2 protein chains.
Amino acid sequence: MTEKKSLLQWELSIADHLPGNSIDCVIFGYKNQELQLLLLHWKHHDTWSLPGGFIGINEDMDEAANRILLERTGLDSVFLNQFYTFGGTKRSKMNEAAYTKRMEFLTKSKIYSSKTMEWLTKRFITTGYFALVDHEKTTPKPDFLSDKCDWIALHSLPELLMDHGEIIQKALEHLRVRLNYLPIGFSLLPKKFTMQDLQKLYEAILQRPLERSNFQRKMLKLDILTRHEKQMTGAANKAPFLYSFNKERYELLLRKGIGFSF
Amino acid sequence: MTEKKSLLQWELSIADHLPGNSIDCVIFGYKNQELQLLLLHWKHHDTWSLPGGFIGINEDMDEAANRILLERTGLDSVFLNQFYTFGGTKRSKMNEAAYTKRMEFLTKSKIYSSKTMEWLTKRFITTGYFALVDHEKTTPKPDFLSDKCDWIALHSLPELLMDHGEIIQKALEHLRVRLNYLPIGFSLLPKKFTMQDLQKLYEAILQRPLERSNFQRKMLKLDILTRHEKQMTGAANKAPFLYSFNKERYELLLRKGIGFSF
DNA sequence: ATCTATTGTGTCATATTTATACAATAAACT
DNA sequence: AGTTTATTGTATAAATATGACACAATAGAT
């Protein structure tokens with residue numbers, strides 16, 4: 001049986017990884033004017049979690065994060081930053097309910113060997129990375145432990161494994177702070193977008209309304225946007241311009257910072 | 001012999017710690033109008049390194065960082081923040097010269113048991129914490145592996161162990177960025193200080209001159225400073241006021257941010 | 001009494017931010 | 001075809017912040 005064989009293979013591969021460290025990716029997307037997260041749904045029991053993985057014995061931590069992101073989304077070389085390392089002793093038991101449910105299930109069902117169980121359930125220090133991606137470019141794929149890999153709106157998050165809820169909160173804080181000095185918002189949008197799209201995105205991240213005309217002025221002054229043809233929306237009003245962002249200027253600002261705040 | 005006995009004890013205690021993770025503290029102080037770092041000098045061979053340590057099996061990572069800081073400085077509950085985790089595969093060999101020198105010495109001298117040597121020289125993922133302290137309140141104490149614990153000016157750093165130079169650079173970046181949205185500079189000064197002291201500190205951190213009267217205006221507007229009596233400096237000029245900073249207002253700004261930049 | 005270096009404060013010219021106004025316009029409605 | 005509607009691009013006035021500089025006050029040296 002393929003399932004059983006690959007399970008065995010997976011259990012063997014564990015030994016090629018650092019035993020007490022993991023990586024969790026908080027992958028942000030933007031859809032329906034809402035921030036969305038790419039989450040995994042566990043096989044055999046109803047729990048959601050962040051896409052994560054282990055670090056190869058000869059693999060840099062950053063490489064591991066890139067690999068994990070690539071495996072789940074099909075995307076390479078997108079915005080991906082380390083943001084915090086979670087090293088509490090009780091992190092695996094943070095979400096008590098989900099934890100006991102999971103443990104009960106696993107021990108009862110004997111999906112994993114006792115050695116694997118031991119490996120999986122011991123103390124882990126996890127390092128969080130956050131990614132900003134254009135959700136339309138992704139092809140979400142579950143990993144070996146999960147049966148679903150879906151975009152979930154930030155405002156309707158399900159119960160999450162362990163401390164993954166906290167990890168997401170911390171990632172959000174970082175995202176909001178960095179929005180003030182890096183032009184990172186653009187990574188979440190498709191190639192061409194209207195000024196309204198961009199503003200709505202900023203509002204979704206910052207969770208507060210921004211003044212339209214001032215927002216437009218500020219963005220244009222960054223000198224990062226290229227204006228294109230108008231977009232006929234079909235609505236009964238003036239058609240907005242489409243914009244794309246200038247890659248070189250963007251790279252420059254990424255390094256130098258934009259030094260403004262909302 | 002006490003040295004030998006405590007060495008044995010130390011080697012035994014290693015087993016009570018997580019095997020692949022460490023913590024390094026970048027402890028900033030301010031003396032002679034310069035930023036200073038608290039560094040350790042290794043026993044038996046001429047290498048300096050950051051104060052670091054391992055994480056107890058039942059110890060939160062933050063606890064471990066606090067403990068390490070306390071052990072080296074005697075200080076508790078001061079400004080201490082995690083800033084980055086270094087997980088490259090080659091970090092132990094980054095400073096080639098210092099590394100080979102150290103390895104040669106250690107293998108030749110047989111100070112440690114082969115088991116300890118194995119433990120010490122395998123791949124480690126280290127998490128950096130940075131601390132801001134009033135150096136006058138510290139009582140630097142070497143750890144078990146070192147014979148000196150001294151304040152070293154940032155501008156005359158010696159050759160450092162492994163990637164500790166890079167860790168310091170990253171800590172500095174974080175310090176500079178956070179200076180723009182957190183009132184953290186104050187942690188480095190004694191209780192009472194003049195406006196010039198504060199300005200010189202900011203200049204030391206940012207590595208550029210700031211305009212005196214504008215700096216004063218900006219700081220006073222934060223509404224974080226309490227003005228005290230004048231300080232008779234003995235110099236042939238107008239005596240400056242002493243200031244201290246308001247703890248509550250400071251806590252508020254720490255959480256809210258101050259949203260300005262130089 | 002005069003001089004010197006530094007301090008506290010004020011001011012002026014420039015940016016930047018906030019709030020608001022208004023003409024332009026794509027499509028719906030009469 | 002003319003009118004209406006919602007949204008867009010741009011302008012502007014007032015409030016606020018910033019950078020550069022001026023100047024009187026003053027502790028101690030001369």
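None of these values were measured; they are calculated from a predicted model. Here is how names work: the chains are called A, B, and so on, in the same order as the sequence lines, proteins then strands, and each is numbered from 1.
- Considering only side-chain N and O atoms, B:Q196 lies under 4.0 angstrom from the phosphate OP1 or OP2 of C:dT7.
- In this structure, CG of A:L220 is placed 14 Å from P of C:dT17, rounded to the nearest angstrom.
- A donor and an acceptor atom sit less than 3.5 Å apart, one in the side chain of A:R212 and one in the base of D:dG9.
- Of the candidates D:dG9, D:dT18, C:dT20, D:dG9 carries the atom nearest the A:M195 side chain, counting heavy atoms from C-beta on.
- Between the C1' atom of D:dT7 and the NZ atom of A:K200 lies a distance of 10 Å, rounded to the nearest Å.
- Atom CD of B:Q216 and atom P of C:dG8 are 5 Å apart (whole Å).
- In this structure, A:R227 satisfies the cation-pi test against A:F241, with its NZ or CZ atom closer than 6.0 Å to the six-membered ring centre and inside 45 degrees of the ring normal.
- Among the heavy atoms of the strands, none lies under 4.0 Å from B:T194.
- Using cut-offs of 30° and 60° for the angle between ring planes, the B:F130 and B:F79 rings count as tilted.
- In this structure, the helix from C:dA1-D:dT30 to C:dT30-D:dA1 shows an angle of 20° between the axis at its start and the axis at its end, each fitted on 5 base pairs and rounded to 10°.
- Remark: P of D:dT8 and CE of A:M219 are 16 Å apart, rounded to the nearest angstrom.
- In summary, the aromatic rings of B:Y84 and B:F86 are positioned with their centroids under 6.0 Å apart.
- For the residue pair A:E203 and A:Q199, a side-chain donor N or O sits within less than 3.5 Å of a side-chain acceptor on the partner.
- Side chain to side chain, A:S213 and A:E211 meet the donor-acceptor criterion of an N or O pair below 3.5 Å.
- Contact annotation: side chain of A:R227 to base of D:dG9, donor-acceptor pair absent below 3.5 Å.
- For A:E211 and D:dT7, the CD to P distance is 15 Å, given to the nearest whole Å.
- A donor atom on one side chain and an acceptor atom on the other are not found under 3.5 Å apart for A:H174 and A:N81.
- Ring to ring, B:F215 and B:Y202 are close: their centroids are under 6.0 angstrom apart.
- Classification of the A:F193-A:F245 ring pair by plane angle, with boundaries at 30° and 60°, yields tilted.
- Spacing between atom CG of B:N214 and atom C1' of C:dC12 amounts to 12 Å, rounded to whole angstrom units.
- Rounded to an integer number of Å, the gap from CZ of A:R217 to P of C:dA15 is 15 Å.
- Summarising the geometry, the separation between CD on A:Q231 and C1' on D:dG9 is reported as 16 Å, rounded to the nearest angstrom.
- Side-chain atoms of A:Y129 and A:D62 include a donor-acceptor pair closer than 3.5 Å.
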So which protein nitrogen or oxygen atoms get under 3.5 Å of nucleotides 24-28 of chain D's nitrogens or oxygens?
{"from": "D:dT26", "atom 1": "O2", "to": "B:K238", "atom 2": "N", "distance (Å)": "2.9"}
{"from": "D:dA27", "atom 1": "O4'", "to": "B:N237", "atom 2": "O", "distance (Å)": "2.6"}
{"from": "D:dA27", "atom 1": "N3", "to": "B:A236", "atom 2": "O", "distance (Å)": "3.2"}
{"from": "D:dA27", "atom 1": "N3", "to": "B:N237", "atom 2": "N", "distance (Å)": "2.7"}

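- Between A:K218 and C:dT16 there is no side-chain N or O to OP1 or OP2 distance below 4.0 Å.
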